[in-house]
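Notes to accompany the following structure.
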Amino acid sequence: MTTDSKQKMAPVRGMQDLLGEEAARFEHVVDRFRDVARRFGFRPVMVPVVEHTRVFQRTLGETTDVVAKEMYSFEDRGGESLTLRPEFTAGIARAYVSEGWQQFAPLKLVTHGPLFRYERPQKGRYRQFHQIDAEVLGAGEPAADVEIIAFADLLLKELGIGGVTLQLNTLGDAQTRTAWRAALVAHFSAHMEMLSQDSRRRLESNPLRILDSKDAGDQALVADAPGIDGFMSAEAGAFFESVQKGLQASGVGFVRAARLVRGFDYYRHTAFEFVTDRLGAQGTVIGGGRYDGLVEAMGGPPTPAVGWAGGIERLMMLVDSPVTAVIDVAVVPMGAAADAEAAAILAELRSAGLSTEQGWRGNAKKRMERAARSGARVALILGDDEVAAGTVTVKLLDTGAQEQVARGDLRARLAKLLA
RNA sequence: GCGGUCGUAGCUCAAUUGGUUAGAGCGCCGGUUUGUGGUACCGGAGGUUGCGGGUUCGAUCCCCGUCGAUCGCCCCA
């Protein structure tokens, strides 16, 4: 690439490098996710980043944008079509089938990692993005829906994210959804000339989507479109009722969003989104629902399932308290004898569970500067005098107070100071 | 994929309606102090103004293209 020789190296479009506070916030989101997952009894699952292209084609529905134009697909050296995963659910369902995980059902699983979609990047929307993901496989009870939504709700609380609303809806069972969909198509077809260009296309591909069109003209039509409640089967109605009662009992606040639908074909019953108005056009922070037909479509046994995914980049933008890495102790050795002693002290403190740092270069001033900047609470100054006397100078960096501590008493003294 | 705005040092931004050698703060490196930080003072490095082309005596500034960022649409976490 001779034309690139002058050009600075840059990340691929829509992919980003994170360092410092941003990287720390990313980790913070994942840490809280793991902790809350543990409390809800979810177990980790690992699935590949790459799948056979047909895994996503079959499950996402041929007409969705993700499959039609957003997949990172390529041929490997054997000529097989592979795809970088654009979402988690399909891969997990595939694993459930190919690994015979039905023997463990019901399974409560969590995972997180990178996903890829070839889209126009925007704030909170990237070509490589990251999600946290939770799934319950093999449970058709509304209590599973309640539990997994409560999980997301508690996570948002633990992250201190306010101003997020849980929007809840149902798509009913297969009959309900089919009947409702037919009624919507009839309604919108009757007013075809008033529909926006986009919505005319949706009428073919995904009529439910017209319901949350942002076009003002469409919204007028949507206002008197038939609601799902008129088509709900008794079973589907009872299911939704049960989910709502469970959420209320769990203290999870929500609003009914009758226009909320899901893009993917395999959703049934519960659909939900945690939305915010702080991220521009990308309002959804966590979204999910029930997908009872998916595993069967993958060639597995009929398996009810419910899950959600949350965008880590979006969540980190809403975490307002920055989390900074903290070092307990910074060691400042001066001179060759001190270097050896410092290595011994570092090994000891690290084994004892303290986070430690040491100045590698510069005079005492430079090393103290770095020690202060590392965020350390205590500096250990170690020179020829201390080595000879078998002591360490312990300095509290916030007050500046310092004292001589015998080498053998160091750990006990530090434990007291850092408590 | 479509439309709007933007692109100057590592970062945040200046540069009078097109005019000498493109500046500042922060950060970085060094010094005042080769055993003491968060303050102060002094000095230094660092830019083909995203990239390519055009107009002009002359372009950071005007025009076109391209790449990237950003906002909205589509779709979605």
Side-chain angles (χ1 to χ4, degrees), chain A residues 3-16 19-20 29 60 63-70 86-89 112 114-134 152 196-199 201-202 205-206 209 212-215 261-264 273-276 279-288 307-318 330 332-335 338 359 361-387 393-402:
Chain A
T3 53
D4 289 350
S5 56
K6 284 189 204 166
Q7 215 170 336
K8 281 183 187 171
M9 276 296 193
V12 173
R13 181 168 159 85
M15 313 205 171
Q16 47 180 355
L19 180 68
V29 169
L60 295 182
T63 63
T64 60
D65 273 20
V66 172
V67 168
K69 58 179 193 187
E70 294 175 1
E87 57 126 33
F88 276 114
T89 309
H112 67 93
L115 307 169
F116 302 83
R117 287 181 201 171
Y118 193 87
E119 298 184 275
R120 183 84 171 253
Q122 274 180 48
K123 178 180 188 177
R125 154 187 251 179
Y126 307 96
R127 287 186 171 183
Q128 175 178 337
F129 60 107
H130 300 78
Q131 287 184 346
I132 50 177
D133 183 273
S196 68
Q197 205 60 41
D198 279 328
S199 287
R201 182 180 50 74
R202 290 186 183 109
S205 61
N206 197 348
R209 272 282 164 201
D212 55 9
S213 168
K214 283 162 190 162
D215 181 271
V261 293
R262 308 259 67 204
F264 298 145
E273 289 183 3
F274 288 84
V275 299
T276 176
L279 291 179
Q282 282 67 241
T284 302
V285 202
I286 290 177
W308 55 252
I312 295 179
E313 286 84 356
R314 292 182 185 180
L315 289 165
M316 36 182 289
M317 286 190 278
L318 297 173
V332 180
M334 299 299 302
R361 67 168 71 123
N363 56 29
K365 178 190 165 79
K366 289 299 167 198
R367 294 188 193 206
M368 284 302 294
E369 263 176 27
R370 287 204 180 82
R373 226 180 315 147
S374 73
R377 296 163 63 194
V378 171
L380 300 185
I381 299 159
L382 201 57
D384 292 340
D385 297 348
E386 284 86 351
V387 173
T393 298
V394 176
K395 176 163 186 167
L396 288 173
L397 286 167
D398 49 350
T399 65
Q402 60 184 59

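Hydrogens, waters and symmetry mates are skipped; everything else that's a heavy atom, side chains included, is used. Chain letters run A, B, ... following the sequence lines, proteins first and then strands; every chain starts at 1.
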Across all strands, who's sitting opposite [N] as a Watson-Crick or G-U wobble pair, both distances under 3.5 Å?
N	answer
B/U60	none
B/G37	none
B/U12	B/A24
B/C51	B/G65
B/C73	B/G1

Select base, sugar-phosphate, or nothing to describe what [X] touches, counting heavy atoms under 4.0 Å on all strands.
X	value
A/F274	nothing
A/G283	nothing
A/A371	nothing

Among B/A69, B/U70, B/C76, find the nucleotide with the atom closest to the side chain of A/R13.
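Of the options given, the side chain of A/R13 lies nearest B/A69.
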The criterion is side chain to side chain donor-acceptor pair (under 3.5 Å); which residues satisfy it with [X], sequence neighbours excluded?
X	result
A/R370	none
A/S199	A/S196, A/R202, A/D218
A/E119	A/R125

For A/E273, give me all partners under salt bridge (Lys or Arg N to Asp or Glu O under 4.0 Å), at least two apart in sequence or on another chain.
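Counting only residues at least two positions away or on another chain, A/E273 forms a salt bridge (Lys or Arg N to Asp or Glu O under 4.0 Å) with A/R262.
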What residues form a salt bridge (Lys or Arg N to Asp or Glu O under 4.0 Å) with A/D384, not counting sequence neighbours?
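By the salt bridge (Lys or Arg N to Asp or Glu O under 4.0 Å) rule, A/D384 matches no residue at all.
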Residue list, side-chain contact (heavy atoms from CB on, under 4.5 Å) with A/A152, at least two apart or on another chain
A/F274, A/I286, A/W308
Using the [atom1] atom in both, what is the distance from [N] to [M], to the nearest Å?
N	M	atom1	result
B/A22	B/G47	P	12 Å
B/U34	B/U20	P	45 Å
B/U16	B/C28	C1'	32 Å
B/G68	B/U8	C1'	15 Å
B/G10	B/C6	P	23 Å

Quick check on B/C76: is either OP1 or OP2 less than 4.0 Å from any side-chain nitrogen or oxygen of A/R209?
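True: A/R209 side-chain N/O within range (under 4.0 Å) of B/C76 OP1/OP2.
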Scan nucleotides 30-44 of chain B nucleotide by nucleotide, 5' to 3', and note B when protein non-hydrogen atoms come under 4.0 Å of the base, S if they reach only the sugar-phosphate, - if neither.
S-B--BBBB------
Please list, pair by pair, any protein nitrogen or oxygen found under 3.5 Å from a nitrogen or oxygen in nucleotides 1-4 of chain B.
residue, atom, partner, partner atom, Å
B/C2, N4, A/R120, NH1, 2.6
B/G3, O6, A/R120, NH2, 3.3

5'-most by nearest nucleotide on RNA chain B - A/V285 or A/S213:
A/S213
Sequence neighbours excluded, which residues qualify as ring pair (Phe, Tyr, Trp, His ring centres under 6.0 Å) partners of A/H130?
A/F26
